Amino acid sequence: MNAFNRNVLSAAVSVVILSLGGLAHAEETIKIAVAGPITGPVAQYGDMQMIGAQMAVAQINAKGGVNGKKLEAVLMDDVCEPKQAVAVANQIVNQKIKYVVGHLCSGSTQPASKLYEEEGVLMITPAATNPAITQQKYKMVFRTIGTDDQQGPTAGRYIAQTIKPKKLAILHDKQQYGEGIAKEVDKTVKAAGIKPVLFEGINKGQTDFSALITKMKKDGVDFVYYGGYHPELGLLLRQSKEQGFDATYMGPEGVGNKDISAIAGPASEGLLVTLPADFSTNPENADLVKVFTDKSQDPTGPFVMPSYAAVQIIADAITGAKTEDAVKLAEYIRQNSFDTPIGKVAFKENGDLKEFEFVIFEWHKDATKTPVK
Amino acid sequence: MSGFSLLEFIQQIINGLTLGSIYALIAIGYTMVYGIIGMINFAHGEIYMIGAYVGLLVITVFGLLGVDSISLILLATLAISILVTGSYGWTVERLAYRPLRGSPRLVPLISAIGVSIFLQNYVQIGQGARDVSMQPVLTGGWRFGPEDGFQVYLSYMQVLIAVVTVAFMAGLSLFIGRSRMGRACRACSQDRAMANLLGIDTDRVIALTFVLGAALAAVAGVLVSMYYGLVNPFIGFLAGLKAFTAAVLGGIGSIPGAMLGGVVLGLAESFASAYLQTEYKDVVAFGLLILVLLVRPTGLLGRPDVEKV
């Protein structure tokens, strides 16, 4: 390379660097990573998370942002797969993003949370309910949703006290979330003196359940609890109806979205689902709900408001603690309480909410739901 | 668990045969390609997935048009899906395998895996990565057994799956056994170089093999989308794996073997789920494969002289 070329090259490089510096300066924002499934079989839940978080970012920015800086949501797709979640977490750490709203599935939240803890990134999951996530004594991990050891017993008590099934079957998808909650239900009903006739795992992605249904039908099962997500349960419901197996099914919040009715059709009528209370019906949220519906977004999904709350908590903490240091913010969040669309929230030492309520809904074939308790 | 019931046993056989028919249809694609060029076409599961998508789309379009004759919907859907999926099969062979003919065995294998990943992502981009679902077209069935006890249920859809499968298998057997092109196929599978010397256009035979395999996978895809009503771009992987297992179980390279392997696999899964635990059904299915291969390394109906990969 001759001298002329070298000069031109270095000039070009410095121009590029200067302009990059200029860009960075012009748009100094506080970045919040929103990590969840944007693609894949449970992307519907990711939608809820994304619209909730983005709405919070938009509204906070409209009010002038945080300490004069705008918030910026950086969407990350983990497909709800543990491996992908770790890759996403690494990306977040490498991009020096300090705050994460996510992840969504318990199975992907768990491995990612370890990284955030080590790297000092503040993580608030609006959706992962497996108890193990907050049992690691991590300092940087919070959630704005209840846990399966609240949700499972809620379902279990309802089964034992209200349904009183003659023969109960408990199924799960062998994933951290599904199996975890199925075990909680199992524990609760056993304590109430009901012994399930069947406790079995199915395979994630399985499409044919006819053999299992035949078995339950023969055993005279009249109530089935399913721990897992909607694609498998949808097929279970549909194939049950077809075989003339008419037990009532119940599932956790992972089955409660519109797609279950798209898959199961009329068979989804009467399904019982434990979900966070529908925050969109709270009169105090009426204004917020209107903004969502004006943008033709659905605010009734179980993870929309918890995601909104997670972003808001981060923003409020930055304002309140007058720092952007994630470790100090975690401390601040643990000690203070916040007014959010999911109510006034305060956290336990381990990062769980002090209070959170699950409600039992009855699902209908047109994908609407009505509270039963 | 409660005791043995004959009616339940019959129901489980019905469940297993339905599942097995689907496996068998897909397995034939693997076995035919292997029989003729000695290569495992790992993209075959994706071809089946495309067949299922086309089936679901066509049925939905018919639904929107208000056509409600089941036989018309079925025939038209099968025809369109076979046409589209068959052309994918042909194109894949032409672009990804034919240029590699004569290269070491591992090369087309890698190419097949590449095609598989490509097709999966291609459908993901085109159709979205989410589940696409459809309500059942054909509902209802027959019930047998005591009014107040366990009733065996045989749905029209299950009968349809069995009938369509048997019809296409019989058609394929006739084609391979009786037609001129079928004879050319058999000749190629015995000795491709010799068949070529004797004036058979082997490239055409190989292309035909891919198209036939894809057509049967399309049939399986259409039946699956009618029966389960749920497809996504990832269904090809597991189905392909199971069908490949069925092909190996029956003896890879042998068409009756693939049919038998599919049915055996379906029954094994069904019984494992019924009398053990559902989570063990794959353990039993693959355990059976290992067992059969230990006793009969060439599979149930495989010829001992096949030695290709």
Side-chain angles (χ1 to χ4, degrees), chain A residues 37-44 46-47 77 79 167 169 171-174 179 197-221 229-232 234-236 238-245 258-267 365, chain B residues 1-5 7-16 18-19 22 124 128-136 139-141 143 149-155 157-158 224 227-235 237-239 266-267 269-282:
Chain A
I38 298 174
T39 60
V42 292
Q44 289 80 0
D47 274 356
D77 186 10
V79 208
K167 288 196 169 160
L171 309 174
H172 60 83
D173 63 357
K174 297 195 285 187
E179 185 168 0
V197 293
L198 199 103
F199 184 90
E200 266 187 44
I202 56 133
N203 296 323
K204 188 184 174 196
Q206 186 176 338
T207 46
D208 190 284
F209 298 98
S210 53
L212 175 64
I213 292 166
T214 300
K215 180 160 73 172
M216 293 195 290
K217 188 169 138 192
K218 192 207 98 197
D219 287 346
V221 169
Y229 297 104
H230 64 275
E232 289 83 12
L235 288 171
L236 254 170
R238 179 164 159 174
Q239 291 168 24
S240 294
K241 192 181 164 75
E242 208 169 291
Q243 262 200 43
F245 170 63
K258 292 188 165 53
D259 270 37
I260 189 120
S261 295
I263 298 166
K365 57 179 178 236
Chain B
M1 286 304 122
S2 33
F4 180 81
S5 137
L7 287 177
E8 189 210 0
F9 185 71
I10 294 172
Q11 178 80 65
Q12 294 297 6
I13 290 183
I14 297 175
N15 297 340
T18 313
L19 195 59
I22 306 277
Q124 247 188 89
R130 302 186 172 196
D131 289 339
V132 183
S133 55
M134 176 185 80
Q135 284 313 300
T139 51
R143 284 173 206 285
F150 182 89
Q151 285 188 315
V152 174
Y153 181 66
L154 178 62
S155 70
M157 196 59 222
Q158 285 171 319
V224 157
Y227 187 46
Y228 300 121
L230 185 73
V231 297
N232 63 45
F234 318 102
I235 57 169
F237 175 73
L238 197 63
L267 287 173
E269 284 195 5
S270 186
F271 286 138
S273 189
Y275 299 113
L276 295 166
Q277 292 239 313
T278 306
E279 46 212 318
Y280 289 130
K281 76 183 181 90
D282 290 353

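Just so it is clear: chains get the letters A, B, ... in the order the sequence lines come, proteins before strands, and each one is counted from 1. In this text the structure is predicted, and so the values were computed from the model without any measurement.
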Worksheet, complete the sentence: Sequence neighbours excluded, the answer for salt bridge (Lys or Arg N to Asp or Glu O under 4.0 Å) partners of B:D282 is B:K242
Worksheet entry | Inter-residue atom distance A:K215.NZ - B:T278.OG1, 0.5 Å rounding | 4.5 Å
Discussion item. Taking atom NZ as the centre, does A:K258 end up with more than 12 heavy-atom neighbours from other residues, nucleotides or ligands that are less than 6.0 angstrom away?
Written reply: no
Worksheet item: Under a 4.5 Å heavy-atom cut-off, does chain A meet the side chain of B:L276, its backbone, both or neither?
Response: backbone
Worksheet item: Do B:Y228 and A:Q239 pass the side chain to side chain contact (heavy atoms under 4.5 Å, CB included) test, and can you show the C-alpha distance, the side-chain angles, and the key distance before you say yes or no?
Response: CA-CA 8 Å; B:Y228 300 121; A:Q239 291 168 24; 3.2 Å; yes
Response to the item:
NZ of A:K218 to CD of B:Q12, rounded to nearest 0.5 Å, is 9.0 Å
Worksheet, complete the sentence: Taken to the nearest 0.5 Å, the spacing of B:N15 CG from A:I213 CD1 works out to 8.5 Å
Worksheet, complete the sentence: Residues at least two apart in sequence or cross-chain that pass side-chain hydrogen bond (donor to acceptor under 3.5 Å, both in side chains) with A:E242, listed by chain then number, are none
Worksheet item: Between atom CD of A:Q206 and atom CD of B:E279, what is the distance when rounded to the nearest 0.5 Å?
Response: 10.5 Å
Discussion item. Would you compute the distance between atom CD of B:Q135 and atom CZ of A:R238 and round it to the nearest 0.5 angstrom?
Written reply: 5.5 Å
Worksheet entry | Under 4.5 Å from any heavy atom of chain A - which part of B:Y227 | both
Response to the item:
The interface call for A:L212 against chain B, heavy-atom contacts under 4.5 Å, is both
Worksheet item: Under 3.5 Å, side chain of A:K217 to main-chain N/O of B:V152, donor-acceptor pair present?
Response: no
Item to complete: Please look at B:S270 and chain A and tell me whether the side chain, the backbone, both or neither of the residue comes under 4.5 angstrom of a heavy atom of that chain.
Response: both
Worksheet, complete the sentence: Turns out that what part of B:P136 lies under 4.5 Å from chain A's heavy atoms comes down to both
Discussion item. Within a 6.0 Å radius of atom CZ on B:F271, are there more than 12 heavy atoms belonging to other residues, nucleotides or ligands?
Written reply: yes
Worksheet item: Which one of A:T207, A:I202, A:V79 has the most heavy-atom pairs closer than 4.5 Å to chain B?
Response: A:T207
Discussion item. Is it the case that over 12 heavy atoms from other parts of the model lie below 6.0 angstrom from the OH atom of B:Y280?
Written reply: no
Worksheet item: Nearest 0.5 Å, what's the CD-CZ distance between A:Q243 and B:R143?
Response: 9.0 Å
Worksheet, complete the sentence: Ranked by heavy-atom pairs below 4.5 Å to chain A, first place among B:G141, B:G229, B:A272 goes to B:G229
Discussion item. Heavy-atom pairs under 4.5 Å with chain B - which of A:N203, A:T39, A:T214 has more of them than the others?
Written reply: A:T214
Worksheet item: A:F199 versus chain B, heavy atoms under 4.5 Å apart: side chain, backbone, both or neither?
Response: backbone
